Amino acid sequence: MRLRRSLKAIPLLAILFSALLPLPAQTADQAWLNYQKMNGWTLFPRNIRTLGSGAIEQSAMRELNRGLGNLAGESAAGLSARALESVSGETILGTAEEFRKLRPDVRIPSDLAPGAFWFSRKDSNGKHRLLIVGGDERGVLYGTFNLLRPRDDKGFPLEVRESPAMPIRWVDEWDNIDGSIERGYAGRSIFFDAGHVRPDLTPATEYARLLASIGINGCNLNNVNNASAFFTPAMFKQVARIADAMRPYGVRVSLSADIASPQKIGGLSTFDPLDPTVQKWWSDKVSEIYRLIPDFGGFTVKADSEGQPGPASYGRSPADAANVLAALLAPHNGVVLYRAFVYNHHLDWNDPKADRARAAYDIFHPLDGKFAPNVIIQTKEGPIDFQVREPVSPLFGGIPHTNQAMELQITQEYLGQQRHLVYIAPMWKEVLDFDMRVNGASTPVKQIISGQSFHRPLGGIVGVACVGQNNWLGSPLALANLYAFGRLAWNPDLNPEDIAAEWTRQTISSDAAVVHTVVNMLMKSWPAYENYTGPLGLQTLTDITGSHYGPNVEASERNGWGQWHKADHNGVGFDRTAATGTGFVGQYPPEVAKIYESEATTPDNLLLFFHHVPYTYKLDQPGFGGKTVIQYLYDSHNDGAAQAAQFVTDWQSIQSKLDPALFADVLPRLEYQAGHAIVWRDAVTQYFLKLSGIPDAQGRAGRYPNRLEAEDASLTGYTVIDVNPWEDASHGKAVSCGESARKPAPGGDPAPNSALKGHDLSRAGTAPKESGASAPAATHCSATFTYTGQPGAFNLAVQYFDLPGGSAQFTLSINDRQTDTWSASDHLPSQRPNGDNSTRRIVRNLTLKPGDTIRVNATPDNSDPAALDYIELLPQPAN
Ligand code: GCU
């Protein structure tokens with residue numbers, strides 16, 4: 001639908017013509033490496049040479065030429081061609097070692113570490129000399145990208161020296177061998193297709209270029225689930241092609257390894273990591289890999305988690321398994337990233353002491369000091385699973401004798417799946433800056449993972465990116481997250497707002513109003529999303545057993561997955577205190593535990609993660625307005641939805657300064673988000689209104705005076721249905737057109753990739769309750785409403801359910817005159833009408849008088865029953 005709307009304005013001929021052209025190649029320029037967007041440059045000598053001949057150094061030279069070449073075009077407006085030509089002098093690129101050998105006359109810093117760089121620019125007598133020196137070849141490349149980065153107004157520095165904060169700066173891709181991507185929202189894999197590596201790996205090289213530009217040095221290629229299919233000789237050969245494609249940009253590839261592979265694909269009767277035959281099997285695999293990929297990075301391991309097998313099957317520990325692999329990788333300089341995401345997903349909901357948040361610490365803390373020197377424990381930033389807000393995992397403070405990496409998620413699994421604007425860097429920054437107070441001393445998490453706090457040789461940060469063929473992350477503004485991830489991995493002291501400005505200048509425009517507006521939108525986006533999904537530490541109140549996308553407040557309760565918020569009639573929140581709760585709080589070092597143990601000192605934005613409180617509990621901390629918990633829930637959801645609507649206006653305010661294609665691409669996404677934020681707002685506020693019985697002091701929750709409910713309309717063909725969960729529809733009901741409403745598409749309604757994850761979809765209460773089961777199938781339906789209000793001009797919202805199984809058609813008519821028509825052809829999750837696919841169409845500038853009829857006509861398509869929730873007259877101004 002989005003695409004259809006944005007195309008509407010383009011003349012038919014242009015569409016026909018463009019359909020004949022091949023699709024543009026996927027390049028890094030489509031992200032932020034578009035040098036044409038920059039200005040304000042100082043000139044550099046164009047006589048560029050490298051001291052070495054290595055591939056990475058050559059990439060650096062190519063990039064510099066590319067950047068400066070494009071800049072020449074860009075600056076033509078401000079500088080005459082003569083001025084450009086007059087820049088004489090030289091630009092020299094090389095490693096420190098090369099400089100020492102070949103240019104001993106040049107003074108350079110003597111102590112550049114691997115990855116570090118120094119560049120300096122000297123001008124004398126009209127001659128310019130620019131030196132880019134790296135601690136190694138990667139450093140040369142990183143220095144080059146740094147130099148090409150647009151600066152703020154302060155002008156270009158004469159000298160810059162930087163080094164990466166931590167050695168491991170990787171992205172993880174969750175690609176499957178068939179080309180699908182677990183939790184990927186940008187189309188299919190750039191690496192794999194139908195069981196093979198794709199023949200054309202240009203996108204892999206372009207991705208490596210993008211990654212190198214922000215200092216990323218590793219890429220784990222495949223899904224952490226079901227990885228064994230990748231461990232065949234034929235596949236290793238193909239993966240070697242990917243390594244070749246990414247190597248020129250200093251990105252080492254690695255693979256997820258399935259601990260059960262020796263049995264699953266090796267034909268052994270066991271996968272016990274301590275069994276000699278199993279060790280031999282792994283040893284052969286490692287030798288084979290390094291024969292083909294000498295700089296292979298290592299293995300990422302998900303074991304004993306969410307249905308993935310692991311050493312626990314044989315009574316072995318994660319250290320046993322990790323160390324076996326590590327010993328084989330060590331001679332090749334490879335590492336094992338063993339994930340701490342290990343938990344029992346069959347927890348007993350009735351056990352007040354059961355707590356998934358405890359799992360990582362309970363399992364890994366006792367193993368501290370037992371891991372080999374090239375094992376790194378990779379821990380998600382929070383103890384649950386990439387929720388909209390969680391406390392920092394206590395494990396970071398609990399294994400001081402172990403190398404650690406933090407796992408963040410760039411792909412927006414629980415954060416709106418790239419359909420919602422959510423700039424995550426401010427959240428990451430809070431986590432990185434969090435002071436764990438280990439042994440009563442300052443120990444910010446960023447220093448723990450960099451190895452600094454506990455003098456560990458290895459450490460780092462890993463971002464689950466899940467890029468695909470559709471513009472890397474699928475949505476233009478989502479790319480700010482990939483960019484910010486790399487920048488924070490390089491230097492966690494950077495400020496997310498500065499990073500956002502840097503990204504905007506490179507990607508969109510350096511016009512001051514654009515930078516101001518886009519940065520403002522980005523910075524407000526995570527708080528807005530938190531407000532309309534799960535504030536106060538409730539976590540994202542989404543469908544945790546399915547799509548992880550739309551609202552489903554109870555989905556996390558009464559099942560074994562342990563993402564519980566424990567809302568009941570009297571109160572909400574999970575008591576995790578040491579005194580009366582699960583004891584999770586006690587896993588933090590004493591100073592931090594003391595803060596979380598008490599309701600009064602726990603930050604209000606995490607209150608419900610740690611405490612169960614009555615709905616009338618008062619939030620006294622600054623920014624929470626002395627409100628009760630229940631009133632805060634009502635207000636924050638309304639504020640969040642209002643902010644989402646504001647993003648549309650913000651974007652429109654800079655339209656004249658934006659590339660028209662970008663403007664047209666982003667606008668419908670923001671409009672969609674504004675509509676979906678209303679779905680979220682209404683679902684969560686209706687839910688808590690019913691559960692608590694306490695009304696919204698402002699009378700908004702559950703009351704929609706400008707709405708006309710579809711179930712109250714005069715219906716032809718349509719049948720009234722109960723929507724499940726009830727809170728996802730206005731007053732719990734909708735209308736559905738015909739038999740298809742009761743027949744989900746083949747395969748039912750699985751969670752994306754649920755086969756891999758093993759999510760239990762049979763949880764009691766998830767089956768749809770639909771009435772009218774014996775009604776005959778309808779091919780056309782209509783809902784007719786009669787307008788009874790004052791005469792006036794309005795915008796009208798039509799809230800319908802856009803199911804993925806077909807493209808239902810809708811038309812809106814006023815007094816039998818058609819005013820709008822659209823098809824519900826988006827690809828939203830879930831095969832049943834619910835908050836995953838509830839969608840808002842806005843029809844603008846309608847004039848209505850009492851007695852007018854408003855009719856929605858609908859034609860279902862396949863398993864999309866053209867379900868309709870309500871229509872709503874929107875308050876003016878009509879814009
Ligand atoms: C989340 C996600 C899964 C993924 C898992 C992991 O739970 O939903 O798809 O496999 O994290 O990190 O292993």
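Side chains are part of it too, since the values below use all heavy atoms of this structure and drop only hydrogens, waters and symmetry mates. Whatever order the structure lists them in is the order used to number ligands and atoms, beginning at 1. The model shown is predicted, which means the values in this text are computed figures rather than measured ones.
The pair Asp826-Arg419 meets the salt-bridge criterion, since a charged nitrogen lies less than 4.0 angstrom from a carboxylate oxygen. Ionic pairing of Glu430 and Arg389 is present here: one or more N-O contacts between side-chain nitrogen and carboxylate oxygen are shorter than 4.0 angstrom.
Of the possible polar contacts, one joining the Arg358 side chain to the Thr582 backbone as a donor-acceptor pair under 3.5 Å is found.
Heavy-atom proximity to Phe341, at under 4.0 Å, picks out these atoms of ligand 1: 5 (C), 6 (C), 7 (O), 11 (O), 12 (O), 13 (O). Set against the non-hydrogen atoms of Trp174, the atoms of ligand 1 under 4.0 Å away are 4 (C), 6 (C), 11 (O), 12 (O). Less than 4.0 angstrom separates some heavy atom of Lys380 from each of these atoms of ligand 1: 1 (C), 5 (C), 6 (C), 11 (O), 12 (O). Of all atoms in ligand 1, listed by their number and element, those nearer than 4.0 Å to a heavy atom of Val224 are 13 (O). Heavy-atom contacts of His548 reach the following atoms of ligand 1: 8 (O) (cutoff under 4.0 Å). Heavy-atom contacts of Arg183 reach the following atoms of ligand 1: 2 (C), 3 (C), 8 (O), 9 (O) (cutoff under 4.0 Å). Short contacts between ligand 1 and Asn225, defined as distances under 4.0 Å to a heavy atom of the residue, involve ligand atoms 10 (O).
At least one heavy atom of Arg339 sits closer than 4.0 Å to an atom of ligand 1.
If you check the side chains of Asn223 and Ser256, you find no donor sitting under 3.5 Å from an acceptor.
With a heavy-atom cut-off of 4.0 Å, Phe386 does not touch ligand 1 at all. The proximity of Asn223 to ligand 1, defined as any non-hydrogen pair under 4.0 Å, does not occur for either the backbone or the side chain.
Taking the six-membered ring for Trp and the full ring otherwise, His548 and Phe386 have centroids separated by 6.0 Å or more. Tyr529 and Tyr532 have their aromatic ring centers within a separation under 6.0 angstrom.
Scanning Val342, Thr411, Asp385, Ile544 for the heavy atom closest to atom 7 (O) of ligand 1 points to Asp385.
The CG atom of Leu488 sits 10.5 Å away from the CG atom of Asn481 when rounded to the nearest 0.5 Å.
For ligand 1, none of its N or O atoms has an N or O atom of Tyr414 under 3.5 Å away. Looking at Glu182 next to ligand 1, an N or O pair under 3.5 Å apart turns up. Polar contact with ligand 1: present for Glu413 (N/O pair, distance under 3.5 Å).
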- Query: Can Phe231 and Phe236 be said to form a side-chain contact (heavy atoms from CB on, under 4.5 Å), step by step?
  - Reply: CA-CA 7 Å; Phe231 277 65; Phe236 290 157; 3.7 Å; yes

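The only member of Phe192, Phe299, Phe191 that meets ring-ring contact (aromatic ring centres under 6.0 Å, His included) when paired with Phe230 is Phe192.
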